[in-house]
Amino acid sequence: MEYNQEPLNWLKLSLESVQHSDIFENVIGCEDGGVVYYVAGWMAKKISEKNKCLSCKEMLISNDVIAELSTNSLNVFNEFNRGGLVTPSMYSLTLSAIIYSYYAMISSQPEIFKRFVSLDCPRDAFRSAVLSSIKDSKNSHILDCICSNSHALVNIFIHYAFNCFAKNSANDVNNK
């Protein structure tokens with residue numbers, strides 16, 4: 001199938017339009033901001049539990065609510081919170097917003113989404129394209145964030161986020 005020839009190239013080209021926008025402001029300010037905040041907190045908690053690393057936990061989880069969050073985003077977060085969610089750090093929230101923006105761009109364009117899901121391993125192609133796009137963007141500093149125990153959290157964060165967003169996309173397709 002011709003789609004599988006060079007997935008990283010066409011996928012990265014598709015993501016270029018996202019990397020030039022102010023992702024954090026666009027995502028957190030939109031109606032999906034609460035969902036991104038919720039998912040960021042969920043992923044921060046799961047990754048912290050899996051790594052069992054205090055340094056990772058300190059990078060991913062905050063004790064304070066992020067001031068830039070809209071009231072709507074906090075309301076969505078609080079609506080889903082049954083007491084077990086954590087407040088994501090600015091790092092977790094920013095990384096979630098970036099990943100969400102990329103995934104939303106792919107899933108909102110039927111031709112790109114069709115090509116994307118036809119790949120042999122969409123998650124690996126997505127991870128590679130996102131890492132490459134982040135590296136070439138104003139958000140490249142995110143790739144340098146490593147905990148004091150040398151854990152690079154970006155790859156695992158992308159892995160968890162992709163699984164979360166892809167599951168919801170699959171549910172949407174199956175419900176049509």
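Looking only at distances, a side-chain donor or acceptor of S92 sits under 3.5 Å from a matching main-chain atom of L60. A donor-acceptor pair is defined here as one N or O able to donate and one able to accept, closer than 3.5 Å; no such pair exists between the side chain of S132 and the backbone of S128. Using modelled atom types, no side-chain atom of T94 and backbone atom of Y91 make a donor-acceptor pair closer than 3.5 Å. A donor-acceptor pair under 3.5 Å links the side-chain atoms of S118 to the main chain of R115, judged by distance alone. Panel note: side chain S89, backbone M59; a donor-acceptor pair is recorded below 3.5 Å.
Annotation: side chain of H159 is not in contact with side chain of R127 (no heavy-atom distance under 4.5 Å). In this structure the side chain of S48 reaches within 4.5 angstrom of the side chain of I61, judged on heavy atoms. Using a 4.5 Å cut-off on side-chain heavy atoms (C-beta onward), F165 and V39 make contact. Contact check for F157 versus S96: side-chain heavy atoms found under the 4.5 Å cut-off.
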message = Assess the residue pair F126 and L119 against the criterion (side chain to side chain contact (heavy atoms under 4.5 Å, CB included)); give the C-alpha distance rounded to whole Å, side-chain angles, the decisive distance to 0.1 Å, and a yes or no.
response = CA-CA 10 Å; F126 181 75; L119 297 171; over 6 Å; no

### Message
Let's go through I99 and F162 carefully: what are the C-alpha distance in whole Å and the side-chain angles of both, what is the deciding distance for side chain to side chain contact (heavy atoms under 4.5 Å, CB included) to 0.1 Å, and is it a yes or a no?
### Response
CA-CA 8 Å; I99 296 166; F162 178 86; over 6 Å; no

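Expressed to the nearest 0.5 Å, how far OH of Y38 lies from CG of L93 amounts to 15.0 Å. With rounding to the nearest 0.5 Å, the separation of OH in Y102 from CD1 in I158 is 9.0 Å. Between the OG atom of S108 and the OH atom of Y103 there is a distance of 11.0 Å, given to the nearest 0.5 Å. Between the CZ atom in F116 and the CE atom in M105 there is a gap of 9.5 Å [rounded to 0.5 Å].
The salt bridge (charged side-chain N to carboxylate O under 4.0 Å, His left out) analysis of residues 37-53, with sequence neighbours excluded, yields the pairs K46-E49.
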Side-chain donor-acceptor pairs under 3.5 Å in residues 142-155, sequence neighbours left out?
residue	atom	partner	partner atom	Å
S148	OG	S55	OG	2.9

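Heavy atoms only, all atoms of each residue included: G41 and V86 are closest at O-CG2, 3.2 Å.
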